[in-house]
Amino acid sequence: MDITILGIESSCDDTSAAVIRNRTLLSNVIASQAVHQKYGGVIPELASRAHQQNIIPVVDTALKEAGVSIDKIDAIAFTRGPGLLGSLLVGVSFAKGLSIANNIPLVEVNHLEGHILSHFVDMPDREIPHPDFPFLCLLVSGGHTQIVRVDEPTKMEIIGTTIDDAAGEAFDKCAKVMGLPYPGGPIIDRLAKEGNPKAFKFAKPHVEGEFDYSFSGLKTSFLYTLRDAVQENPNFIEENKADLCASLQKTIVDILVDKLIKASKATGIKDIAIAGGVSANSGLRDGITEAGRKRGWRTFLPELKFTTDNAAMIATAGHYHYMAGEISSLEVSPVARIQDL
Ligand code: KG4
Ligand code: ZN
């Protein structure tokens with residue numbers, strides 16, 4: 001029997017809807033919100049309003065592009081959290097309304113689990129390599145940095161996490177200090193290609209937890225380097241932008257890969273995946289590939305369109321929960337923090 005899932009994602013600043021059938025992608029529509037760019041970060045209130053405007057056309061387009069009418073949908077999967085509460089509320093409320101109006105079961109999805117399961121979205125025209133279970137996933141997004149041991153699609157355990165900033169946050173905050181627009185991660189990635197990664201040295205953290213991360217020290221070290229240098233030469237940032245980006249990116253990648261190597265050694269797991277917005281970073285993709293080549297890993301890098309927020313991954317996670325009989329009640333409410341999920 002065919003299982004067709006509608007996925008809805010609204011946790012941050014992208015409104016997205018996708019339709020999958022038996023895990024094969026039929027449509028994946030994303031409306032990104034340009035409104036935040038001029039503020040140098042996502043403004044929660046503006047994000048909620050934009051979701052409110054986008055959600056109906058986005059879901060409608062996803063169904064139309066898939067050629068699927070709402071009565072053929074077996075379950076509506078939606079992001080329950082973590083994320084911005086006002087943004088999540090729009091997706092959760094819309095999913096509930098659609099569920100009541102059409103008598104379709106609801107399936108809640110943890111956004112981070114969605115990122116990890118983006119490795120299991122099948123394309124209609126080609127096979128995507130899937131990691132075998134158990135595998136390790138380095139989840140690197142704007143708000144989270146974790147090493148997750150994935151035993152089954154619906155059974156995973158966080159074995160390492162950041163104790164302060166996320167990797168994406170480190171990219172974005174350092175970019176802001178250099179006067180680059182939001183989000184800074186992709187811009188640093190681009191500028192780093194022309195720079196020397198050994199030009200500058202920034203502090204690397206010493207964290208207690210064997211697989212845990214910290215990025216706030218690096219951010220401070222970056223800030224002080226710039227502040228001292230700019231006092232001597234006001235054009236310092238402009239003149240050294242590429243080298244600064246390359247050195248910063250190399251430091252972040254080294255920190256990320258180092259703990260992942262430790263986790264692989266300790267668990268004996270050699271199927272290694274990365275996921276989340278920062279998994280688009282070319283330095284990280286090269287770093288993981290290189291580390292894997294030396295250690296006999298099978299490495300899994302998501303296609304670029306599945307690195308940032310999208311509903312295809314939410315629908316895929318929803319597919320597994322639905323198959324496991326995990327249906328949400330209509331009383332379900334969004335949850336902002338991962339600790340509360
Ligand atoms: O997963 P995501 O789309 O949203 C969250 O769930 O947080 O991740 C967004 C983060 C931002 O911090 C952005 O700067 C970062 O992913 N990012 C990148 C790149 N593309 C997106 N960071 C470094 N290099 C990139 N190419
Ligand atoms: Zn995300």
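Both counts, for ligands and for their atoms, begin at 1 and track the order of listing.
Residues Gln249 and Thr251 bring no donor and acceptor atom of their side chains to less than 3.5 Å of each other. Glu108 and His321 share no side-chain donor-acceptor pair at under 3.5 Å. Side chains of Asp122 and His130: a donor-acceptor N/O pair is present below 3.5 angstrom, by distance only. The closest side-chain donor-acceptor pair between Asn310 and Ser16, if any, does not fall under 3.5 angstrom. Defined by atom type and a distance below 3.5 Å, a donor-acceptor pair is missing between the side-chain atoms of Thr316 and Arg23. Looking at Asn22 and His319, their side chains never bring a donor and an acceptor atom within 3.5 Å of each other. Side-chain polar atoms of Ser69 and Asp71 form a donor-acceptor pair below 3.5 angstrom. Side-chain atoms of Ser282 and Asp189 include a donor-acceptor pair closer than 3.5 Å. A donor and an acceptor atom, one from each side chain of Asn196 and Asp243, are nowhere located under 3.5 Å apart.
Each of the following atoms of ligand 1 lies closer than 4.0 Å to a heavy atom of His111: 6 (O). Ligand-side atoms of ligand 1 in range of Gly143: 7 (O), range being under 4.0 angstrom from any heavy atom. With ligand atoms numbered from 1 in the order given, ligand 1 contributes 14 (O) to contacts under 4.0 Å with heavy atoms of Pro183. Within the listing of ligand 1, atoms 12 (O) sit less than 4.0 angstrom from a heavy atom of Gly168.
The closest protein non-hydrogen atom to atom 22 (N) of ligand 1 is Gly185 CA, 3.4 Å. Nearest protein heavy-atom neighbour of atom 26 (N) of ligand 1: Asp189 OD2, 2.9 Å. Summary of contacts: the protein heavy atom closest to atom 21 (C) of ligand 1 is Gly277 O, 3.3 Å.
Taking the N/O/S atoms of Asp309 in turn, the shortest distance to the Zn ion (ligand 2) belongs to OD1. Shortest distance from the Zn ion (ligand 2) to His111 is reached at NE2 (N/O/S atoms only). Counting just the N/O/S atoms of His115, the one with the shortest distance to the Zn ion (ligand 2) is named NE2.
The aromatic rings of Phe133 and Phe120 lie parallel to each other, their planes meeting at an angle below 30°, with 60° marking the opposite boundary.
The closest approach between Pro186 and ligand 1 falls below 4.0 Å for a heavy atom of the residue.
Across Val253, Thr79, Asp172, Leu139, heavy-atom proximity to atom 11 (C) of ligand 1 is greatest for Asp172.
Counting heavy atoms under 4.0 Å from ligand 1, residue His115 touches it through the side chain alone. The parts of Thr308 lying near ligand 1 are both backbone and side chain, judged by heavy-atom distances below 4.0 Å. Contacts between Asn281 and ligand 1, counted as non-hydrogen atom pairs separated by less than 4.0 Å, involve both the backbone and the side chain.
Taking distance alone, with nitrogen or oxygen atoms compared against 3.5 Å, Gly142 approaches ligand 1 more closely than that limit.
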